[in-house]
Protein chains: 2
Amino acid sequence: MSKYENIDFTHYARVFKAISNPNRLKILVYFMSCCEPGSVCTVGDGPRCCVGELGSLLSVAPSTLSHHLKELHGAGLINMQRRGQQIECWLATDAIAAVREFFSFAADPVCGQADNSHCGGKDEAE
Amino acid sequence: MSKYENIDFTHYARVFKAISNPNRLKILVYFMSCCEPGSVCTVGDGPRCCVGELGSLLSVAPSTLSHHLKELHGAGLINMQRRGQQIECWLATDAIAAVREFFSFAADPVCGQADNSHCGGKDEAE
DNA sequence: TTCATATTTCGACATATTTCGAATTATAGG
DNA sequence: CCTATAATTCGAAATATGTCGAAATATGAA
């Protein structure tokens with residue numbers, strides 16, 4: 001029985017659609033790259049920011065940005081919470097973990113080998 | 001310097017767009033689930049198949065299927081090669097590995113912890 | 001060559017997406 | 001209460017996507 005046996009295609013399709021737009025992908029990557037590898041991030045610096053701050057990242061109209069954030073939030077990739085006048089956004093790390101898991105078939109002891117010739121496929125380009 | 005410093009947004013957006021459609025996602029998962037975990041797949045069974053075989057997976061017109069395969073191939077997710085009358089398709093495992101790597105920020109010794117509170121974010125739902 | 005099978009290309013159409021500006025809502029502060 | 005700031009909702013317009021059927025292309029076999 002494959003690990004993809006009972007996969008929710010609708011859900012994952014929505015997640016991937018959320019990051020299929022370059023602007024939304026930029027937002028996600030902005031959140032994912034909050035830390036410099038090997039260093040400890042300053043608390044409160046980076047991972048949480050308000051909508052307006054994200055706007056400087058994209059150069060689109062506020063209404064457009066709002067729409068994109070709604071998509072990301074609807075797909076469960078980011079969290080949003082009002083804090084005074086502003087609305088704070090931060091990464092939904094569990095959702096990212098789920099996506100990472102989705103692609104981790106290669107961790108399978110058999111299928112996960114660099115070459116998958118045991119599966120009957122020669123990994124040559126066309 | 002973040003690992004996302006020099007990321008090709010256009011490329012990854014295209015990859016995610018390719019699997020943002022439920023039908024195309026089904027095709028990808030079909031290829032990814034060729035093996036049953038812990039077992040060795042029969043050579044020639046599963047991972048390589050012709051376009052027609054994939055059609056039974058989707059119930060769409062052949063022309064539609066062809067369009068979807070073109071998208072997946074254009075995004076570099078599958079390989080295609082003519083073999084007689086048929087055209088064989090199989091997973092581009094290196095492309096999948098690249099996507100997996102994209103989401104593996106959590107493998108970072110600091111950022112990769114289950115809770116990312118060190119980043120200033122409390123992972124609470126809104 | 002002629003026919004059958006496998007797949008793609010083309011043109012068309014309905015629907016979805018991206019984007020904007022204007023108007024609206026929510027909150028903070030005088 | 002009034003004003004300013006932050007963000008969303010609401011049309012509207014341009015573009016992209018998903019789908020089909022018909023026609024075209026590629027290959028193999030009679």
Side-chain angles (χ1 to χ4, degrees), chain A residues 9-31 44 48-92 126, chain B residues 9-31 44 48-92 126:
Chain A
F9 288 100
T10 308
H11 167 71
Y12 279 100
R14 184 173 189 185
V15 168
F16 294 131
K17 176 168 289 181
I19 53 174
S20 72
N21 174 278
N23 280 330
R24 290 195 294 266
L25 185 59
K26 264 178 202 159
I27 296 172
L28 187 85
V29 166
Y30 174 76
F31 282 124
R48 280 200 174 215
C49 64
C50 67
V51 176
E53 289 176 292
L54 291 170
S56 61
L57 205 70
L58 264 52
S59 56
V60 295
S63 55
T64 302
L65 174 61
S66 185
H67 162 72
H68 285 320
L69 290 175
K70 198 174 171 185
E71 289 281 306
L72 288 168
H73 184 239
L77 290 168
I78 62 170
N79 300 122
M80 301 179 84
Q81 187 176 41
R82 180 172 283 278
R83 191 189 189 98
Q85 276 176 291
Q86 313 183 117
I87 293 185
E88 267 185 352
C89 309
W90 69 101
L91 194 63
E126 116 270 34
Chain B
F9 288 99
T10 307
H11 167 70
Y12 279 99
R14 183 173 191 184
V15 167
F16 294 131
K17 176 166 288 180
I19 54 175
S20 72
N21 174 277
N23 280 330
R24 289 195 295 266
L25 185 60
K26 264 177 202 158
I27 296 173
L28 188 83
V29 166
Y30 174 77
F31 282 124
R48 280 199 173 215
C49 64
C50 68
V51 175
E53 288 175 292
L54 292 170
S56 61
L57 205 71
L58 263 51
S59 58
V60 294
S63 55
T64 304
L65 174 62
S66 184
H67 162 71
H68 285 319
L69 290 174
K70 198 174 170 184
E71 289 281 306
L72 288 167
H73 184 239
L77 290 168
I78 62 170
N79 301 123
M80 301 180 82
Q81 186 176 42
R82 181 171 281 279
R83 190 190 189 98
Q85 276 177 293
Q86 315 184 115
I87 293 186
E88 267 185 350
C89 309
W90 69 101
L91 194 63
E126 115 271 35

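A, B, ... follow the sequence lines: proteins, then strands. Residue 1 opens every chain.
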Taking the minimum atom-to-atom distance to the side chain of [X], which one of [options] wins?
{"X": "Ser63(A)", "options": "dA7(D), dC10(D), dT8(C)", "value": "dC10(D)"}
{"X": "His68(A)", "options": "dA7(D), dG21(D), dT19(C)", "value": "dT19(C)"}
{"X": "Asn23(A)", "options": "dT8(D), dT19(C), dT27(C)", "value": "dT19(C)"}
{"X": "Gln86(A)", "options": "dA7(D), dT19(C), dT9(C)", "value": "dA7(D)"}
{"X": "Met80(A)", "options": "dA7(D), dT19(D), dT8(D)", "value": "dT8(D)"}

How many Å lie between [atom1] on [X] and [atom2] on [N], as a whole number?
{"X": "Lys70(A)", "N": "dT18(C)", "atom1": "NZ", "atom2": "C1'", "result": "14 Å"}
{"X": "Leu25(B)", "N": "dG18(D)", "atom1": "CG", "atom2": "C1'", "result": "16 Å"}
{"X": "Ile19(A)", "N": "dT17(C)", "atom1": "CD1", "atom2": "P", "result": "15 Å"}
{"X": "Lys26(A)", "N": "dT18(C)", "atom1": "NZ", "atom2": "C1'", "result": "14 Å"}
{"X": "Arg82(B)", "N": "dT8(C)", "atom1": "CZ", "atom2": "P", "result": "8 Å"}
{"X": "Leu69(A)", "N": "dA7(D)", "atom1": "CG", "atom2": "P", "result": "9 Å"}
{"X": "Gln85(A)", "N": "dT27(C)", "atom1": "CD", "atom2": "C1'", "result": "5 Å"}
{"X": "Ile78(B)", "N": "dT7(C)", "atom1": "CD1", "atom2": "P", "result": "12 Å"}

With side chain to side chain contact (heavy atoms under 4.5 Å, CB included) as the criterion, how do Ile78(B) and His73(B) come out once you've worked through the C-alpha distance, each side chain's angles and the decisive distance to 0.1 Å?
CA-CA 5 Å; Ile78(B) 62 170; His73(B) 184 239; 4.1 Å; yes
Pairwise side-chain contact, Asn23(B) with Ile27(B), heavy-atom cut-off 4.5 Å (strictly under)
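Not in contact.
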Examine [N]: is either OP1 or OP2 under 4.0 Å from a nitrogen or oxygen in the side chain of [X]? Give yes or no.
{"X": "Lys17(A)", "N": "dA16(C)", "value": "no"}
{"X": "Arg24(B)", "N": "dT17(D)", "value": "no"}
{"X": "Asn21(B)", "N": "dA16(C)", "value": "no"}
{"X": "His67(A)", "N": "dC10(D)", "value": "no"}

Audit row: Tyr30(A), Leu58(A), side chain to side chain contact (heavy atoms under 4.5 Å, CB included) steps and yes/no
CA-CA 11 Å; Tyr30(A) 174 76; Leu58(A) 264 52; over 6 Å; no
Working to the nearest 0.5 Å, report the span between SG of Cys50(B) and CD of Gln81(B).
13.5 Å
Starting from the C-alpha separation in whole Å, work towards a yes-or-no answer on side chain to side chain contact (heavy atoms under 4.5 Å, CB included) for Glu53(A) and Arg48(A).
CA-CA 10 Å; Glu53(A) 289 176 292; Arg48(A) 280 200 174 215; over 6 Å; no
Donor-acceptor pair under 3.5 Å, Thr64(B) side chain vs dG18(D) base:
no
